[in-house]
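Residue numbers count from 1 along this sequence.
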Amino acid sequence: MRIGIIADIHANLPALEAALTALREEGVDQVLAIGDMVGYGPHPRQVLRLLEREGIACVLGSADIRVAFNLPGEARSGISETVLQWTITQLGKRELNFLRNLRSRHRMDIGGGRLLAFHGTPDDPEVKFDIDIPVTDLVRMFEQSRARYMVAAGKHIPYERRVGQGILVDPGSVGLTLGGEPGADVLLLEEIPQAQEGQPALKVRFLKVPYDFGQVLFDLAAWELPPVLSDVIRQGRFPG
């Protein structure tokens, strides 16, 4: 079995289209999107409709929650709140219902074990996962989650960490990567049929998928969204 995992699409339609094309070429059996489908980018409605049309299993992210439920409380700082409020005006009942009906976690069996995929942390999509978590705490999290593999999105940087037979990965970001190289980040998980005893039976591969971001930059400017977002998309990182 081969599973393609994408995250942090952030309303970037050309990046999503390129990522899905790459995964189809890889011959994946299933695609999973784990959060932050909206926020930052100029194509929230188009991205959600494409995910719905393709029947892709999706998990709620922090931006998705803020948009879907228009939560009260302390506003986010910087450009995030500005774009989230704009995003709400762009979505209709169909798109909002799509977000409101998403689960917060996704479980599946692969590679001889259980995989748990989530945005943020297993208990809260709005809390960023600490990738430097001490080994003992990480082992405890694997045990509490009853999972052998965990996919945690939200950092926008591809990441992999192994503890014994457990694997923790962040797929990076499709629409707003911060790894220093522009393009769409995609994660590919593939079962290893004859893995050695005591070793993970899952192969992890990160893809960097190029795409034409001219349309994204044009639409960001047309909607008068924060100019820094264009810099991030061009550079794969925040400037400065």
Side-chain angles (χ1 to χ4, degrees), residues 1-11 16 19-20 22-24 26-39 47-69 95-131 133 138 141-156 158-161 165-175 184-191 200-207:
M1 178 182 286
R2 305 178 109 193
I3 304 296
I5 299 185
I6 54 178
D8 293 290
I9 301 164
H10 284 302
L16 174 59
L20 294 179
L23 289 173
R24 281 193 290 267
E26 290 286 343
V28 299
D29 301 289
Q30 181 180 343
V31 178
L32 176 63
I34 54 172
D36 277 8
M37 278 72 75
V38 299
V47 161
L48 293 178
R49 290 198 175 187
L50 177 56
L51 293 169
E52 182 182 36
R53 187 164 63 248
E54 294 288 329
I56 294 172
C58 299
V59 171
L60 266 175
S62 55
D64 307 321
I65 292 175
R66 291 285 169 182
V67 168
F69 301 101
E95 293 81 33
L96 292 173
N97 284 338
F98 176 82
L99 291 175
R100 290 166 182 162
N101 288 323
L102 296 180
R103 68 187 75 183
S104 61
R105 295 180 290 183
H106 183 87
R107 293 180 183 269
M108 63 180 299
D109 293 323
I110 186 173
R114 179 66 55 85
L115 180 144
L116 176 66
F118 51 88
H119 195 93
T121 68
D123 299 318
D124 192 341
E126 297 198 89
V127 175
K128 288 190 178 297
F129 194 94
D130 179 10
I131 58 178
I133 183 174
L138 183 56
M141 185 173 292
F142 275 111
E143 293 173 347
Q144 291 175 345
S145 300
R146 298 180 181 178
R148 188 174 182 182
Y149 314 111
M150 290 194 296
V151 183
K155 289 291 189 179
H156 292 222
Y159 172 87
E160 177 183 359
R161 185 175 177 184
Q165 297 186 44
I167 302 177
L168 167 68
V169 287
D170 187 319
S173 172
V174 167
D185 299 324
V186 176
L187 173 64
L188 188 65
L189 301 179
E190 183 176 0
E191 289 184 306
L202 198 63
K203 180 180 179 181
V204 176
R205 183 153 61 99
F206 295 101
L207 308 178

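F206 places none of its side-chain heavy atoms less than 4.5 Å from the side chain of V186. For the pair L189/L115, a side-chain contact is recorded, criterion being any heavy-atom separation below 4.5 Å from C-beta on. Here the side chains of R114 and R146 are not in contact, with every heavy-atom distance at 4.5 Å or above. Considering only heavy atoms from C-beta on, D64 comes within 4.5 Å of D36 through its side chain. Between V204 and Y149, every side-chain heavy-atom pair lies at or beyond the 4.5 Å cut-off.
Between L202 and I167, the shortest heavy-atom distance links the atoms O-CD1, 4.0 Å. The two residues A152 and G120 come nearest to each other via the heavy atoms CB-O, 4.2 Å. Shown here for A33 and I9, the closest heavy-atom pair between the two residues is CB-CD1, 4.5 Å. Looking at every heavy atom in both residues, G61 comes nearest to P125 through C-CB, 4.2 Å. Residues A201 and R148 approach most closely at N-NH2, 4.2 Å, considering heavy atoms. Taking all atoms of both residues into account, the shortest heavy-atom contact from C58 to M37 is CB-CE, 3.9 Å.
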Take I3 and L187 through the side-chain contact (heavy atoms from CB on, under 4.5 Å) test and state the conclusion after the steps.
-> CA-CA 8 Å; I3 304 296; L187 173 64; over 6 Å; no
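Without hydrogens or angle criteria, K128 side chain to K155 main chain gives no donor-acceptor distance under 3.5 Å. Panel note: side chain E191, backbone G111; a donor-acceptor pair is recorded below 3.5 Å. Side-chain N or O atoms of D185 include none that pairs as donor or acceptor with a backbone N or O of P171 at under 3.5 Å. With hydrogens and angles ignored, the 3.5 Å screen pairs a side-chain donor or acceptor of H10 with a backbone N or O of V38. E190 contributes no side-chain N or O that, together with a main-chain N or O of K203, makes up a donor-acceptor pair within less than 3.5 Å. Side-chain N or O atoms of R161 include one that pairs as donor or acceptor with a backbone N or O of I133 at under 3.5 Å.
Considering CE of M150 and CZ of F142, their distance stands at 4.0 Å, rounded to 0.5 Å. Expressed to the nearest 0.5 Å, how far CZ of R105 lies from NE2 of H119 amounts to 15.0 Å. Of the inter-residue distances, the one linking I5 atom CD1 with L23 atom CG reads 10.0 Å to the nearest 0.5 angstrom. A distance of 7.0 Å separates CG of L20 from CG of L51, quoted to the nearest 0.5 Å. Distance check, rounded to the nearest 0.5 Å: CG of D8 to CG of D170 gives 7.0 Å. Between atom CD1 of residue I34 and atom CG of residue L116 there is a gap of 9.5 Å, rounded to the nearest 0.5 Å.
Here R205 pairs with E26 under the salt bridge (Lys or Arg N to Asp or Glu O under 4.0 Å) rule; sequence neighbours left out.
Checked options L168, I131, D130; the residue passing with L138 is L168 (criterion: side chain to side chain contact (heavy atoms under 4.5 Å, CB included)).
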